[in-house]
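In what follows, every chain begins at residue 1, and chains take the letters A, B, ... in the order their sequences are listed. Heavy-atom basis, side chains included; hydrogens, waters and symmetry copies ignored.
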Amino acid sequence: MLQKPRGTRDFLPDEMERRRLIEERMRAVARRWGYREVCTPNFEYLELFTMKSGEEIIQEMYVFEDKSGRQLTLRPEVTASVLRMYVNEGRVLPKPIRWCYFADCFRYERPQKGRYRQFWQFGVELIGADTALADAEVIMLADDLLHTSGVEFDLHVGHLAPMKHILRDLPPDDHRMVMAHLDRHDPQALGHALEAKGLGDRTELLLALSECREIDEVFEIAGDVPERPRIEETFTILDSQGIRYRPNFGIARGLDYYTGMVFEAFAPNLGAENQILGGGTYRLAYLFGGDDAASCGFAVGFDRIMVSIGDFPLEYEPVVGVVCTPEARTRALEIARAFRKTGIRTEVDLMQRSLSAQLSHAARTADYAVVVGQRECEAGTVTLKNLHTGEQRETTLDDAVAEVMRFGRC
RNA sequence: GCCAGGGUGGGGUAGUUGGUUAUCCUAAGGGACUGUGGAUCCCUCGACCCGGGUUCGAAUCUCGGCCCUGGCCCCA
């Protein structure tokens, strides 16, 4: 049998309805904050992503050549596309720009729990606002979004400035290496690496910084960080609005292009892949030929949210099965149309089943059967049967529709 | 790319010291029943992941691959 490609999934209707429900909640939250949805191409020039993230990421992407020899790739993320779009068409729009997106992305990686080769991200980008409140708004929106989706999560908020301040003697290329060791909670490797650079005295500071949970202590450790007022203002805003988060100035993983505030969220009930959200401030527009607009955004790992939430019951809507004899087929289709017009899910037999077989099928798949044969056709009525109670009565079509609409409201 | 455990009808399973026609449940389609049910009975459909090797004989042993689950690495 033909298999689906590795790392992809099929979604049956029950799961699809759950996904759509959560997706719609996220859209609604973003809309309430003024973030309107945009859509960018599923594939882009390879260059867009290598400019942003470097040549190494090619091996993690679905890269292909089109019939004209263009180097293209399925998008591995959406931020680069949104910023390209901003440079292409958004520069004249009034600032700040608030956009959101929901899109599938593709990465050629080894699948595991919560990690797939096709996966969905919900994200927002705030472009053109460079203030503490802008940073805080994006975090508060992330918090609102996660709460509204129903997932349990821990929110970590940090800023890269204190760490960069401690490492200010090091060339930027070395920052990455140091951050990688820090992120892996590998103090020995970190110590050795700094020792080799003649900065062994910084090891203690960095470790203390990543352990630190109080903002005041951050500056005792890191010293006179120029960004201190901005950082404090952001945290003050979050506190004033009752946002629950953990200050974490050790956040460093894979955040090459972030410039200041960074934040992440984790779902405690997931496995190795438990990060469900990541974001921060960055500057990308100039890379794609635009101005040096300050930006701030985040992306939610939608599939991980769904894994973390697990199955939940969907709101139930009544289903009607129209059961008819062959001579009543035209009337049956009219009846089905009348039910559908009021929004009721209505199904008719397509398999030329006997009346008894139609009813038997309806009993498994519907809440009501509407039986129509020659008798009802001549009398201008329908027989409405409640398949849960077994009660049935002959009545008018309008009355039958009205009864089904009352279903589940008592 | 690496490690561990797996792969038997659509779903769930039995069978693996090699041995007849591969077990059972369920789902799906039909019938018993041409104007009334989910029960019951009957029928139908449908599987040993793929390929090589060992053997008289492989679902079973062996090697390689693919895929699944989880972990490592990575995580824009």
Watson-Crick or G-U wobble partner for B:C33, using a 3.5 Å limit on both distances? none
Please state how far atom CG in A:Asp349 lies from atom P in B:G29, giving the value in whole angstrom units. 11 Å
Considering every strand and a 4.0 Å limit on heavy-atom distances, what is the contact class for A:Ser354: base, sugar-phosphate, or nothing? nothing
Salt bridge A:Arg345-A:Glu317, side-chain N to carboxylate O under 4.0 Å: no
Check the orientation of A:Phe407 and A:Tyr316. Use parallel for under 30°, tilted for 30 to 60°, and perpendicular for over 60°. tilted
Correct closest heavy-atom pair for A:Leu359 and A:Ala369 would be CD1-CB, 3.7 Å
Atom CD of A:Gln392 to atom C1' of B:U36: distance rounded to whole Å? 7 Å
Look at the rings of A:Phe249 and A:Phe235 and say which category their plane angle falls in: under 30° parallel, 30 to 60° tilted, over 60° perpendicular. parallel
Taking only the side-chain heavy atoms of A:Gln374 (C-beta and beyond), determine which of B:A27, B:C72, B:G35 contains the nearest atom. B:G35
Integer angstrom distance from the C1' of B:U8 to that of B:C3: 27 Å
Please determine whether salt bridge (Lys or Arg N to Asp or Glu O under 4.0 Å) holds for the pair A:Arg20 and A:Glu23, giving the CA-CA distance in whole Å, both sets of side-chain angles, and the decisive distance to 0.1 Å. CA-CA 5 Å; A:Arg20 289 295 191 210; A:Glu23 181 189 325; 2.9 Å; yes
Return the value, rounded to whole Å, for the distance between atom CG of A:Leu350 and atom P of B:G29. 12 Å
With a 4.0 Å cut-off on heavy atoms, is A:Gly271 in touch with a base, just the backbone sugar-phosphate, or nothing at all? sugar-phosphate
Atom-pair distance (CD on A:Glu394; C1' on B:U36), nearest Å: 13 Å
With heavy atoms under 4.0 Å as the rule, sort A:Arg115 into base, sugar-phosphate or nothing. base
How many Å lie between CD on A:Gln121 and C1' on B:A76, as a whole number? 9 Å
Separation between the C1' atoms of B:G53 and B:C43, rounded to whole Å: 43 Å
How far, in whole Å, is B:U13 from B:A4 if one measures between their C1' atoms? 24 Å
Specify the separation, in whole Å, of atom OH of A:Tyr101 and atom P of B:A76. 12 Å
Give one of base, sugar-phosphate or nothing for A:Gly301, where a contact means two heavy atoms less than 4.0 Å apart. nothing
Quick one: do the A:Glu376 and A:Thr383 side chains pair a donor with an acceptor below 3.5 Å? yes
Would you indicate what A:Glu376 reaches in the nucleic acid, counting non-hydrogen atoms under 4.0 angstrom: base, sugar-phosphate, or nothing? base
P-based separation of B:C66 from B:G30 [nearest Å]: 42 Å
Relative to the 5' end of RNA chain B, which residue comes earlier, A:Leu355 or A:Met61, by the nucleotide with the nearest heavy atom? A:Leu355
Between A:Leu74 (CG) and B:A76 (C1'), how many Å, whole number? 15 Å
Reckon A:Gly390 touches a base, only the sugar-phosphate, or nothing at all at heavy-atom distances under 4.0 Å? base
Between A:Glu227 and A:Lys164 (salt bridge meaning N to carboxylate O under 4.0 Å), is one present in this structure? no
Under 3.5 Å, which protein N or O atoms sit close to an N or O of nucleotides 3-8 of chain B? Give each pair with its distance.
| from | atom 1 | to | atom 2 | distance (Å) |
| --- | --- | --- | --- | --- |
| B:C3 | N4 | A:Arg110 | NH2 | 3.1 |

When you measure from the centre of the six-membered ring of A:Phe312, is the NZ or CZ of A:Arg18 under 6.0 Å away and within 45° of the axis? yes
Between B:U21 and B:U26, how far apart are the C1' atoms? Round to whole Å, please. 23 Å
Does B:A39 have a Watson-Crick or wobble mate here (both distances under 3.5 Å), and if so which one? none
Looking at B:A58, which nucleotide sits across from it as a Watson-Crick or G-U wobble partner, both distances under 3.5 angstrom, or is there none? none
Considering Watson-Crick and G-U wobble pairs with both distances under 3.5 Å, what does B:C48 pair with? none
Figure out the NZ/P separation between A:Lys385 and B:G35, and round it to whole Å. 15 Å
Of the listed nucleotides (B:G29, B:A76, B:G35), which one gets closest to any side-chain atom of A:Glu60? B:A76
A:Gln112 side chain near B:G71 phosphate (N/O to OP1/OP2, under 4.0 Å): yes
Working for side chain to side chain donor-acceptor pair (under 3.5 Å), residues A:Glu273 and A:Tyr116: CA-CA 11 Å; A:Glu273 300 291 324; A:Tyr116 309 98; over 6 Å; no
Does A:Ala357 or A:Leu387 map to a spot on RNA chain B nearer the 5' end, using the closest nucleotide for each? A:Ala357
Take A:Leu206 and A:Leu194 through the test side-chain contact (heavy atoms from CB on, under 4.5 Å) and record every step on the way to the result. CA-CA 11 Å; A:Leu206 287 171; A:Leu194 286 169; 3.7 Å; yes
Base, sugar-phosphate, or nothing: which does A:Glu273 touch, judged by heavy atoms less than 4.0 Å apart? base
B:A47 and B:C63, which share atom name C1', separated by this distance in whole Å: 24 Å
Mind checking the C1' distance from B:G65 to B:A76? Whole angstroms is fine. 32 Å
What distance, rounded to whole Å, do you find between the two C1' atoms, one in B:U17 and one in B:U60? 10 Å
Choose from B:G71, B:G30, B:A76 the nucleotide whose nearest atom is closest to any side-chain atom of A:Ile57. B:A76
Who is the Watson-Crick or G-U wobble partner of B:A4, with both distances under 3.5 Å? B:U69
